[in-house]
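Worksheet: one structure, shown below.
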Amino acid sequence: MLDMRYVRENTDAVRENIANRGVSVDLDALLELDAGRLVLLKEAETLRKERNEVADAMKSASKEERPGLIERGKKLKEDVVAKEKDLEIVEKGWREEALKLPNMTHPDTPVGKTDNDNRVIDTVGEIRKLENPRSHVELAQMHDLIDFERAAKVTGAKFYFLKGKLAILEQAMLTWAIREMAAEGYLPMTTPDLARDEVLVGVGFNPRGPEAQIYSVEGTDLSLIGTSEITLGGYHKDEILDEASLPIKFAGISHCYRTEAGAYGRESYGLYRVHQFSKVEMFVFCTPEQSEAIHMELRRLEERMFQKLEIPYQVVDICTGDLGGPAYRKFDLEAWMWGRGEGKGGYGEVTSTSNCTDYQARRLNVRLRRKDGTLDYAHTLNGTAISLARALIAVLENHQNEDGSINVPDVLRPYTGFDKIG
RNA sequence: GGAGAGGUGGCUGAGUGGUCUAAAGCAGCAGACUUGAAAUCUGCCGUAUCCAAAAGGUACCGUGAGUUCGAAUCUCACCCUCUCCGCCA
């Protein structure tokens, strides 16, 4: 959500931003609705004022005056109801359109249309030389680590059972990641896996409807979360945070559920695009002054996780056309995966960090009280500490040996209790 | 799941149809007194929105609908909290 006053006063900048992001928002229609809304609002308020005056006059009215005042009051009540109905209709359209407005964009964000326009800003780590690199699916088959077929029988396509040492490896990575985050001052939080639709919308997700990537629970206003960004963002909904308490840093542990409608194909192979996975997510509430530096910190922490896992990756500055609505700027980490690029290997997204500035905070109504007593909206940021499924792919494929055995990265060995698979 | 009680400003808490633009206390801010602090005294002290600003208007007492000339107050539904019972890892 953008500040409507800002939109009114900076229409050119907003228009350019909409164009850069390739979002379908009709700004002119929105501005027209906005102007119409203000007129109706004014009219409704005038009527309500008269109604209040009549009610006020009743208090001291004589017996003779009363019937006349009651008549006026009845008439005004009808007028108010009618005017409010008009206002409600305009406001509904206005709100729908206003919610579609994406966040403004960081000046350094590359302008572009698709992920081909994303800018690689760093490449780190060395890709191991392998004669016969195997995909994680092949490796899993060799060691009986994943059962997709039975998961399909039990639940459906794009679900999986992790077996044996891979199940242990997953838990090891979760525990390791949580401890890493705690050591950095991020408060570990196990969150609900479901949230109210209201919260989903506040964080910027679309819980229902044809475009939705979210599972919703029939007969309730609950949806399965696609990331704990949702529950952590909702955590301080409708609250006023004390400036001195910021930044507030969380490391959320949750399962993540995504419908991934229509996302089948080569790039969705194996564990890469699945309907359920576990994730440790960093989430930060901070002041507007802090958010830029914290975004860099989140990126640095994400990079460090993959450095410690000894997995080569590249950092990508996401272009305007590929940014989600709430993000002001977004970096992705793409790890090397041998199973991509038709067996030759390629980079695949493993983490992502966004600075959402005050966009989510406005929708969630999260404010901060300055030391001088004034109020402002907080800034929110999120970043992936570790996302299982994809991180497992990266570990399996990068730490495989020529014989198909897989070394456990050093940092995980204390948590797995074994050094090698196979 | 059943029965009961309850949700009011940053906090505690009064208020059951019209001076509620919500009592009082605590906390906070400014000032007085004081060498300084405490105590005491005085004043200020919710949010959003409209207006260039001020003045002012409108809305908000868990949420939503309703009754009424008029709703924090009455009615209904929902959400949440607490107590007890049942069930249960």
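Proteins get letters first, then strands, A, B, ... in listed order; numbering begins at 1 in each.
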Can you check the distance between [N] and [M], where both ends of the measurement are the [atom1] atom (answer in whole Å)?
N	M	atom1	answer
B/C45	B/C29	C1'	7 Å
B/A32	B/U21	P	35 Å
B/G36	B/U47	P	33 Å
B/A27	B/A77	C1'	38 Å
B/U73	B/C88	P	42 Å
B/C80	B/C44	P	41 Å
B/G70	B/U19	C1'	14 Å
B/A24	B/C79	C1'	31 Å

Residue mapping more 5' on RNA chain B - nearest nucleotide basis, A/Leu41 or A/Asn52: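 The residue mapped nearer the 5' terminus is A/Leu41.
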
Residue whose nearest RNA chain B nucleotide is more 5′ - A/Arg72 or A/Lys49: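 Comparing both residues, the 5'-ward one is A/Lys49.
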
Could you tell me which nucleotide pairs with [N] by Watson-Crick or G-U wobble geometry, both distances under 3.5 Å, or answer none if nothing does?
N	value
B/A23	none
B/U83	B/A3
B/U40	B/A32
B/C88	none
B/G46	B/C60
B/U67	none
B/G17	none

Touch class at under 4.0 angstrom, heavy-atom based, for A/Arg370 against every strand present: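 Answer is nothing: A/Arg370 stays at 4.0 Å or more from every strand.
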
Sugar-phosphate only, base, or nothing, as touched by A/Leu76 at under 4.0 Å among non-hydrogen atoms: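 Since no nucleic acid heavy atom lies under 4.0 Å of A/Leu76, the category is nothing.
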
Candidate nucleotides B/A59, B/G70, B/C50, ranked by approach to the side chain of A/Arg48 - the nearest: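 Shortest atom-to-atom distance from the side chain points to B/A59.
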
Out of B/C50, B/C69, B/A48, whichever nucleotide has its closest atom nearest the side chain of A/Leu375: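 It is B/A48.
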
Under 4.0 Å between a side-chain N or O of [X] and OP1 or OP2 of [N]?
X	N	value
A/Lys77	B/G70	yes
A/Arg51	B/A59	yes
A/Arg369	B/C45	no
A/Arg5	B/A52	no

To the nearest Å, give me how far apart [atom1] ([X]) and [atom2] ([N]) are.
X	N	atom1	atom2	answer
A/Lys237	B/C80	NZ	P	14 Å
A/Glu239	B/G62	CD	C1'	15 Å
A/Asp358	B/A48	CG	C1'	16 Å
A/Arg196	B/G62	CZ	P	17 Å
A/Asp34	B/U49	CG	C1'	12 Å
A/Glu243	B/G10	CD	P	18 Å
A/Asp238	B/U63	CG	P	10 Å
A/Ile240	B/G28	CD1	C1'	14 Å

Heavy atoms from other residues, nucleotides or ligands near CZ of A/Phe277 exceed 12 (cutoff 6.0 Å):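 Yes, the 6.0 Å shell around CZ holds more than 12 heavy atoms from other groups.
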
A/Gln276 and A/Tyr160 side chains, donor-acceptor separation under 3.5 Å: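 There is no such pair between these side chains.
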
A/Thr46 and A/Glu43: side chain donor to acceptor below 3.5 Å: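 No, no side-chain donor-acceptor pair sits under 3.5 Å.
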
Cation over ring face, A/Arg150 and A/Phe161, 6.0 Å, 45°: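 So A/Arg150 doesn't make the cation-pi contact.
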
A/Phe283 six-ring centre to A/Lys249 NZ/CZ under 6.0 Å and within 45° of normal: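 No, A/Lys249 and A/Phe283 do not form such a contact.
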
Check: A/Ile386 main-chain N/O paired with A/Thr384 side-chain donor or acceptor under 3.5 Å: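 Not a single qualifying donor-acceptor pair exists.
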
Electrostatic pair A/Lys279:A/Glu281 at N-O distance under 4.0 angstrom: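 So A/Lys279 pairs with A/Glu281 through a salt bridge.
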
